[in-house]
Amino acid sequence: MSEPHRHSITIRPATPDDRNFILSLTPRFVAFALPKGRRKRETLAAIGADIERALREVPPGDHFFVAEDSDGQRTGLLHLQVQRDFFSGVRACHVSDLAVAQECEGRGIGRALLAHSETWARKNRCKLLTLAVFPGNTRAHALYERNGFRADL
């Protein structure tokens with residue numbers, strides 16, 4: 001019996017050439033039932049505008065990463081923001097955006113991106129790693145809970 005094919009995942013800092021790929025993943029952020037009062041079109045537009053602004057302005061605390069498979073195909077996005085925790089004031093790393101290309105789901109890419117965020121946060125002296133997720137995004141909730149994240153707000 002042969003072992004299942006394992007996909008090698010590389011995570012690297014994003015480059016300007018990744019812009020279109022990164023923006024192509026924004027529909028993933030509304031690909032589930034949104035809370036009452038949130039409209040998909042305006043939510044998607046706001047998320048896309050925020051990511052576009054960060055890519056264009058490159059704020060000092062923002063860091064984009066791209067996941068690639070062993071063939072060099074881009075498979076996922078991670079956008080981290082270094083900030084001060086609102087409540088404690090400690091240095092925190094916020095997972096602003098994490099998305100996996102739909103055709104690449106189930107290959108461990110989300111888990112690898114989340115692990116990368118934890119390692120990166122530690123190396124960059126962040127005391128907390130935070131994220132926000134819509135209630136209807138059950139796939140993301142399951143990933144975060146499997147990796148030790150718990151609801152805070």
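- Electrostatic pairing of K127 and D85 does not count as a salt bridge here, judged by no charged N lying under 4.0 Å from a carboxylate O.
- Put simply, CG on D97 and CG on L113 are 11.5 Å apart, with the number rounded to the nearest 0.5 Å.
- Going from atom CD1 of I22 over to atom OG1 of T15 covers 8.0 Å, rounded to the nearest 0.5 Å.
- The shortest side-chain heavy-atom distance between I51 and T26 falls under the 4.5 Å cut-off.
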Evaluate L114 against F149 for side chain to side chain contact (heavy atoms under 4.5 Å, CB included), listing each step before the verdict.
CA-CA 11 Å; L114 195 55; F149 284 83; 3.9 Å; yes
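- Here the side chains of Q73 and E68 are not in contact, with every heavy-atom distance at 4.5 Å or above.
- With a 4.5 Å cut-off on side-chain heavy atoms, L143 and R111 count as touching.
- Two residues are said to be in side-chain contact when any heavy atoms from C-beta on lie closer than 4.5 Å; L80 and V95 meet this criterion.
- Other residues, nucleotides and ligands contribute at most 12 non-hydrogen atoms within 6.0 Å of the CZ atom of R38.
- Other residues sharing the hydrophobic cluster of V90, ordered by chain and number and joined by side-chain separations under 4.5 Å: L128.
- For the pair I47 and T43, the minimum side-chain heavy-atom distance is below 4.5 Å.
- From F86, atom CZ reaches atom OG1 of T130 across 13.0 Å, with rounding to the nearest 0.5 Å.
- The structure places CG of L25 at 11.0 Å from CG of N20, a figure rounded to the nearest 0.5 Å.
- Between F29 and L98 the shortest heavy-atom distance is CE2-O, 3.5 Å.
- Using bins of under 30°, 30° to 60° and over 60° for the plane-to-plane angle, the ring pair F65/W120 lands in the perpendicular bin.
- Here the side chains of H79 and H63 are not in contact, with every heavy-atom distance at 4.5 Å or above.
- Contact check for R53 versus P59: side-chain heavy atoms found under the 4.5 Å cut-off.
- Counting heavy atoms from C-beta outward, R74 and R12 have side chains that approach closer than 4.5 Å.
- The NE2 atom of H94 sits 11.0 Å away from atom OG of S117, with the distance rounded to the nearest 0.5 Å.
- With values rounded to the nearest 0.5 angstrom, R28 atom CZ is found 7.5 Å from R139 atom CZ.
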